[in-house]
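Whatever order the structure lists them in is the order used to number ligands and atoms, beginning at 1.
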Amino acid sequence: MSTGRLFIIGIDGVDLAVARDHDLLLQNTVEWDLKEYPKLHTLRIWPSMFLGDLPHKNDDLPDPIAHSRSDRDEERLERANWTSSGMRILSKISHLLLPESIRTPIGAFLRDRGFTKAHHEREDWPNTVFDGVQSKAINLPTYNPLPVQHELKQGWKTRIREGDAGLEELEELAQQERDAVAEELDTVLNHGYDLVWAYVFCTDIFGHLDYEYGYPRTVERVRDEVIDPVREQLDDDDELVIVTDHGMGLEDGVGEHRPPGWLTTTVPDTDLPASPERVRFWIETFLGDRSQQKEDVLEDLGYI
Ligand SMILES: [Zn+2]
């Protein structure tokens, strides 16, 4: 007897309009205004979903962004070559030799986008949605990122700081991330997990660096290579969720995070989570209801 499993595919930074264009939306969709997240940090929004809490508002939880502000990071940021032409948003001033008074705010700018977090990936979250059920998390940011997620961030930083990592290299890493996640998903599809939650980061990078061309193409590839293979293998009573942390829009020629985040699902439920931190409760309610239904069936059949 199939138990009705929940498959969640997290895809970073997919604008709602892009999701519509690429046919990602399922039967029911909810949008999030993200007001509780100043600057819409990726590394805060995802943990909110699987923790059911805001890491930057709860003193008992580590804030993944605050963690990046170590002395060593400060030092590296000071040493970084800010005269490179790697990032379009900095290009207006890239031909200048920057004085300290300008380098410091640029360092803060990069820190605020989570660039300094890449070496400090894994939090010991005390309590998550994965704890109480048969679950499998794949490549989740701050939870269990695969090495390739780290390499993608490193490649991005190198490109920005030194201008020597081309988009082709990032394309290559993005392909590796999609392959690794798709492969793990394929392996776990028949392993009886109640909850499987996979994630890809590559869309966010191309949203920032190559909004017009690379970004929609990356979204399309995630759909074809990661989402559709799962969709095609679902049993009748399995359900699918596709979720993103924030949207992405063009500002001065550069892709920047913007609301809304969204979650879309095959679950026939009009009471979808109203914010990222409600996702955990929603999943647990879904899985609880399913296991109750399973018990009822077993009881009817006289097994329990
Ligand atoms: Zn993001």
- What distance separates I227 CD1 from I11 CD1, expressed to the nearest 0.5 Å? 5.0 Å
- Message: Is it the case that the ring center of Y143 lies less than 6.0 angstrom away from the ring center of F130?
- Response: yes
- Query: Under 6.0 Å from the CD atom of E183, do we count more than 12 heavy atoms belonging to anything else shown?
  - Reply: no
- Message: For the Zn ion (ligand 1), which protein N/O/S atoms fall under 2.8 Å? Skip waters.
- Response: D12 OD1, T42 OG1, D245 OD2, H246 NE2
- Answer yes if the side chains of S48 and E277 hold a donor-acceptor pair under 3.5 Å, and no otherwise. no
- Query: Closest approach of M49 and W197, non-hydrogen atoms and distance?
  - Reply: CB-CH2, 3.6 Å
- Criterion salt bridge (Lys or Arg N to Asp or Glu O under 4.0 Å) on D210 and R217, from CA distance to verdict: CA-CA 10 Å; D210 192 14; R217 193 177 57 179; 5.4 Å; no
